[in-house]
Each structure stands twice: as C-alpha cells, then as structure tokens.
Amino acid sequence: MKMIERIAALMMVAVLTFSLAGCLHKKNEIAVTIGDIKFTSAYYMCALVNANMEAKQKVSETLSDEDKEKEVNYYSKKVDNKKFVDWVEDRAVEILKETAAFKQLCDKNNVKLSDELKAEATQSVTTLWDSYGYSVLYEPNGVSRDTYAKFTEDSYYSEAYFESLYGKGGTKEIAEDEVSKEITDNYVLLDKISVTYDANADAAKKTESKSKLDDYASQIKSGKKTFIEIYKTHNDIKEESTAEEDEELKPINTYATISGAEGTSFEDENFKTYKGYEVDAVQVVENSSKTGYDLIIKRDITADAYYMDYLDSFARHAIKDEDYKKEIEKQAKKLKPEINSYAIGQFKVKKIIEPEV
C-alpha cells in the first residue's frame, strides 16, 4: 500500500510540474529561427539530446580501457577544448544550422525528398523509436515521436542534396569507373558459413566443427550441392515463396555478406585476408578469435549488380563526403540563428534524462 501511495505522489508531482511548464511555455513554441525555417523548443531539445550523445562519444574515445570501466564525470571533461556543457549547447545550434543549410540548398536547387528517402526516414523512426527503444531516451526529455520523426526526416534532406550533386545524373556526378574502383578496393563479397565453439571446447569438438565444414566444402567443390543449398540446410531455412515476382533488382549471391576495409560501414578486421582470396575458391579456415571455423567463398562483387548498386551510395560518400561537408559548413556559416533565450532556457544539459543501462 505504501508503495502505491509513493507512486501516486510521484505521479502527482510530475503532473504539477508539467502543468506549470505548460503555463509558462506554449505548445510548439519557436526556439530557434534560421531564415524562414523555424525550430520548436521540442525540436531544439531533440538536437540537444543528440549533441549530448555526440559529446559523450567524443569523450569516451579519449578514455583508456581502465577509465572506461569507471564511472565517468562527463561534465568535468572538455570536448575540442571547450567545456562539456558549452560544447553540447553550441553543437545543438550547429545541428540546427546544418539542417537549415541543406534544406535551404535543396529549396534553392528545387531538390525534393524522394519517396525512397521518405520511406527510409519512416523506417528509421519505426526501427529506432519502436524497436530499439529510443522513446525511453527522448520522451522523458519532452520530445514526442512526431518531433523525432520530423527531426529524422529533415536529416534526409542532406542525402537528397548530396545525391543531386554526386549521385547518378547529379550536377557533379562521379564517374562510374571511379565508383566501381572505390567498391572493389574497399569491399569484398563473401559466401560464408560459420561454426563456433566455446573457449573450453576440447580437441574432439574442434575437429567435429571443422569436419562439418570440410564436408560442406567437398559437396560444393564436387558440384553435388550449391552454396545456397548448403546454407539453407545449415541454417534450417525452408523453401521461400516465389509468389512475388517483381522488377526489383535481386542478388545473385542471395546469402552473401560484405566485408569492408577499415573506416567503412562494413569494417572487418579480416578484410585484407579475404581480399587476397581467389574468387570462387572454397576454403575452410579457423576464425581469427580461435573460437570456430568458417567456410568462405569470395565472390566477384562486380558480377553481382545487386551489391554494386547497394554499395554505390557508400562509395560516393567515401569519395565526396569531405568536399560535401565543406560545402554544407560554408553554407551554415552564412546563417545567423535567432535564438529565443526564454524558450531554450528551460533546457539544461546536466538535466538531460538518460535511461539506466
């Protein structure tokens, strides 16, 4: 009973707090105006939460492994030679300026968000907010799902403008052979099946694991079975329906994985090893952590249009991101934000609520 009373009391305090805040600050109150683009207080708070996460990541990257095991007082740290709180506040406004910059550039050059990018933004919100629990981070800080969705969709204007410059048919289109070289230099396509065992496995278990993959390899080499047939059997994948016949590009290597060079989104410590493998050669090797074996077949990535198309955007960004960033920064520097100090004054970096891990 006492616990119920305590919860009821806490809920009453919360209700009173939000009621008072509602009296002082109007719904959809404008916090920052940049040109003809207006950002609400909740939108600003969304940027502040993101800036806070960026700052903590930057601090974490400077910590030793030993320090990472301890509780970190982030507010005592500096980020890029600025006090933590100052950096976060400045970065939040910078995020808004960047958002305004690429939205204005899109408007000036008649660039619209494609249906594909809108769908990606929607899917991103669904995945992060609904499935990955981002609501637990944002909602306690006054950011609704609708505001987060708006913040996310706005971020895709950057991609829209990038594509209008460097994408296929763009005003500064990157040559196809340059894109292709970026992909072949930094990505490897692999058909791969792994069998693992725990650290205490005995020799018999290790031999059994390798023998299983050796048998798979033998069947593939002899032509008795294809990799896809072996993969489906190994992973107990049932026959998939062929009812959906559409024009969408499909992979030749249906279950392939991508191994990327250092610095790519698919960074893999074994990339250099895999890159040296002969195409279509079947190999069984012990994994780098000594916890199992892998059956690996390196495929010709240029022969699979699906993966070349999939990696096209990654390659273009790798080639031109630095130039693009400079262009956006140049545009953002021209912008003079009008800040409603009263509207943003209610938000304090040290009072950002974060979920307990």
(message) Are I237 and Y255 packed together at the side-chain level, in the sense that at least one heavy-atom pair is separated by less than 4.5 angstrom?
(response)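 Result yes, sub-4.5 Å side-chain heavy-atom pair found.
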
(message) I want to check something: taking the side chain as every heavy atom from C-beta on, are I301 and L311 in contact at a cut-off of under 4.5 Å?
(response)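 Yes - at least one pair of side-chain heavy atoms lies under 4.5 Å apart.
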
(request) Sequence neighbours left out, what pairs pass side chain to side chain donor-acceptor pair (under 3.5 Å) with at least one residue falling in residues 330-339? (result)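 Found none.
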
Determine which pairs satisfy ring-ring contact (aromatic ring centres under 6.0 Å, His included) with at least one residue from [range], sequence neighbours left out, and list them in order.
range: residues 278-314; result: F266-F314, Y310-F314
range: residues 66-101; result: Y75-F84
range: residues 185-216; result: Y216-H234

(message) Would you say the ring centers of Y161 and F102 fall short of 6.0 Å from each other?
(response)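 No, they do not, as the ring centres are separated by 6.0 Å or more.
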
(request) Report yes or no: do S144 and D146 form a side-chain donor-acceptor pair below 3.5 Å? (result)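 On atom types as modelled, these side chains do not qualify, holding no pair under 3.5 Å.
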
(message) Can you see whether H317 engages E159 through a side-chain donor-acceptor pair at a distance of less than 3.5 angstrom?
(response)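 H317 vs E159: donor-acceptor pair found between side chains.
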
(request) Count the heavy atoms of every other residue, nucleotide or ligand shown that sit under 6.0 Å from NZ of K225, and state whether that count exceeds 12. (result)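 For K225, atom NZ is not crowded (no more than 12 foreign heavy atoms under 6.0 Å).
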
Verify the cluster assignment for [X] and [Y]: are they in a single hydrophobic cluster under the rule of side-chain heavy atoms below 4.5 Å apart?
X: Y44; Y: I353; result: no
X: Y274; Y: V279; result: no
X: Y148; Y: Y132; result: yes

(message) salt bridge (Lys or Arg N to Asp or Glu O under 4.0 Å), that's the test. Do R316 and E176 meet it? Break it down for me.
(response) CA-CA 10 Å; R316 291 177 192 274; E176 287 298 324; 3.0 Å; yes

(message) Run the side-chain hydrogen bond (donor to acceptor under 3.5 Å, both in side chains) test against K150 and tell me which residues pass, sequence neighbours left out.
(response)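 Result, side-chain hydrogen bond (donor to acceptor under 3.5 Å, both in side chains) vs K150: D154.
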
(request) Applying side-chain contact (heavy atoms from CB on, under 4.5 Å), run through L137 and M53 and close with a yes or a no. (result) CA-CA 11 Å; L137 171 61; M53 288 192 291; 3.7 Å; yes

In plain terms, say whether [X] and [Y] are close enough for a salt bridge, that is, a side-chain N and a carboxylate O under 4.0 Å apart.
X: R91; Y: E94; value: yes
X: R299; Y: D304; value: no
X: K205; Y: D198; value: no
X: D300; Y: K298; value: no

(request) Please test D80 against K78 for salt bridge (Lys or Arg N to Asp or Glu O under 4.0 Å), starting from the C-alpha separation and ending with a verdict. (result) CA-CA 6 Å; D80 298 336; K78 284 192 173 184; over 6 Å; no

Using a 3.5 Å cut-off and no angle test, enumerate the donor-acceptor pairs between side-chain atoms of residues 117-129 and protein atoms at least two apart in sequence or in another chain.
| from | atom 1 | to | atom 2 | distance (Å) |
| --- | --- | --- | --- | --- |
| T122 | OG1 | K118 | O | 3.0 |
| Q123 | NE2 | T127 | OG1 | 3.0 |
| T126 | OG1 | T122 | O | 3.0 |
| T127 | OG1 | Q123 | O | 2.9 |

